[in-house]
Number of protein chains: 2
Amino acid sequence: MRQDGDLISRLSEQGYRLTPQRMLVLSAIANSDHHISAEEIYAQVVAKYPYVNISTVYRTLDLLKRLDLVTETDLGGGRVRYHPVDKGHHHHLVCQECGAIIDLDESVLSSLQSHLLREYKFSADLRHLAIFGRCTNCNQ
Amino acid sequence: MRQDGDLISRLSEQGYRLTPQRMLVLSAIANSDHHISAEEIYAQVVAKYPYVNISTVYRTLDLLKRLDLVTETDLGGGRVRYHPVDKGHHHHLVCQECGAIIDLDESVLSSLQSHLLREYKFSADLRHLAIFGRCTNCNQ
DNA sequence: AAAACTTATGCAAGCATTTGCAATTAAAAC
DNA sequence: GTTTTAATTGCAAATGCTTGCATAAGTTTT
């Protein structure tokens, strides 16, 4: 709980206003123990402060992405999920058959990252990738 | 031109009906020289056969995905793009700054694929991946 | 502390895509 | 060749997310 101080101070450092709406979005993300969706954030925010629009949630998420404070990952299921950068990066293997999600350490993709930088001079953002496929069970 | 015979025969082999709508979607994909979007397919289809609904286009694309005849790739820009599987797989490095797209040979990810299979028993679908990041120019 | 400027929000409309349902079409059974 | 059954479509509504615009709130200048 209450690890949102970091996100909040980063925002104000950079000259952004700490509106009530933003504070609520920030603490919803910081206090969540999983990869949270915009809809889930919105539900938490509205519970405390009813007159907030969901577009404000999306705009705040957009800001946090631009400032590299949260990562955005599409884990399937039709909605994108968010995770604070300072809680560590990792990747996900998503089974398209049963929906199982296997967490993967960041290091698994680090050689790919350096390969792309060396051969293509491309700085890949591989902080939070979802790789789709089939897990052992579903691959029979 | 006219490489859609393959897609069409594959569909009928598997017992699916070859409706006019499907034929038009199929030939739009097969005759396109780039990664085509649903909206582009729809425009081509409607030009020849006006009473087609866009949901039919999406449903046909869905069918083709399930049958592994086309791949779906999110290259950014808010819409997903489609490509026939038999025209070869490759990956894309997408620059989030300038939008440049660098094509990447399939082989670049084959060692990752075998690693995931060996270590995690996960059969990753790495046929047509988009990796986001920054190209040389935009990375200053 | 009022005026001028900038930032952030709410609202409504828009976009790409999906889905439920009823109507149409084709295939299978008789 | 009807009847029964199943597959496919169109339509309209819904979903997740984005955007334009007017209002509101906060900053800066004077």
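Letters A, B, ... mirror the listed sequences (proteins, then strands); counts begin at 1.
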S.K.: Give a yes or no on whether B/Val94 and A/Leu112 share a hydrophobic cluster (residues Ile, Leu, Val, Met, Phe, Trp, Tyr; joining criterion: side-chain heavy atoms under 4.5 Å apart).
M.R.: no
S.K.: Rounding to a whole Å, what distance do you find between B/Leu18:CG and D/dA7:C1'?
M.R.: 13 Å
S.K.: Taking DNA chain D as the partner, which of residues 51-71 of chain B come within under 4.0 angstrom of it by heavy atom?
M.R.: B/Tyr51, B/Val52, B/Asn53, B/Ser55, B/Thr56, B/Arg59
S.K.: Tabulate atom names and distances for all N/O pairs under 3.5 angstrom spanning the protein and nucleotides 4-6 of chain C.
M.R.:
from	atom 1	to	atom 2	distance (Å)
C/dT6	O2	A/Arg17	NH2	3.4

S.K.: Rounded to the nearest 0.5 Å, how far does OH of A/Tyr42 lie from CD1 of A/Ile36?
M.R.: 14.5 Å
S.K.: Just how far is it from atom CD1 of A/Ile102 to atom NZ of B/Lys121, taken to the nearest 0.5 Å?
M.R.: 11.0 Å
S.K.: Using the C1' atoms of five pairs at each end, what's the angle between the two axes of the helix from C/dA1-D/dT30 to C/dC30-D/dG1, to 10 degrees?
M.R.: 10°
S.K.: Is there side-chain contact between B/Val85 and B/Leu69, with heavy atoms separated by less than 4.5 Å?
M.R.: no
S.K.: Side chains of A/Ile131 and B/Leu129, heavy atoms from C-beta outward: is any pair under 4.5 Å?
M.R.: no
S.K.: Look only at the side chain of B/His35 and the backbone of B/His83, and say whether a donor-acceptor pair between them is shorter than 3.5 Å.
M.R.: no
S.K.: Would you mind reading off the distance between B/Arg79 atom CZ and D/dC17 atom P, rounded to a whole angstrom?
M.R.: 18 Å
S.K.: Over 60° means perpendicular and under 30° means parallel, so classify the ring planes of B/His92 and B/His128, tilted if in between.
M.R.: parallel
S.K.: So, is A/Thr19 near the phosphate of D/dG26, with a side-chain N or O under 4.0 Å from OP1 or OP2?
M.R.: no
S.K.: How long is the gap from CD1 on A/Ile29 to OG1 on A/Thr60, to the nearest 0.5 Å?
M.R.: 8.0 Å
S.K.: Atom OH of B/Tyr16 to atom C1' of D/dA6: distance rounded to whole Å?
M.R.: 13 Å
S.K.: Run the side-chain donor-acceptor check on residues 14-25 of chain B: report pairs under 3.5 Å with partners two or more places apart or on a different chain.
M.R.:
from	atom 1	to	atom 2	distance (Å)
B/Thr19	OG1	B/Arg22	N	3.2
B/Arg22	NH1	B/Arg17	O	3.0

S.K.: Would you please name every residue forming a side-chain contact (heavy atoms from CB on, under 4.5 Å) with B/Asp68, sequence neighbours left out?
M.R.: B/Arg127
S.K.: Within this structure, what is the CG-OG distance for the pair B/Asp62 and B/Ser55, rounded to the nearest 0.5 Å?
M.R.: 11.5 Å
S.K.: Does D/dG10 have OP1 or OP2 under 4.0 Å away from a side-chain N or O of B/Gln21?
M.R.: yes
S.K.: Let me check something: do A/Tyr82 and A/Leu67 share a hydrophobic cluster, defined by ILVMFWY side-chain heavy atoms less than 4.5 Å apart, either directly or through other members?
M.R.: yes
S.K.: Report yes or no: does A/Gln113 contribute a side-chain atom to a donor-acceptor pair with the main-chain N or O of A/Ala124 at less than 3.5 Å?
M.R.: yes
S.K.: Output the residues of residues 36-44 of chain B in contact with DNA chain C, where contact means a heavy atom of the residue under 4.0 Å from an atom of the strand; sort by number or write none.
M.R.: B/Ala38, B/Glu39
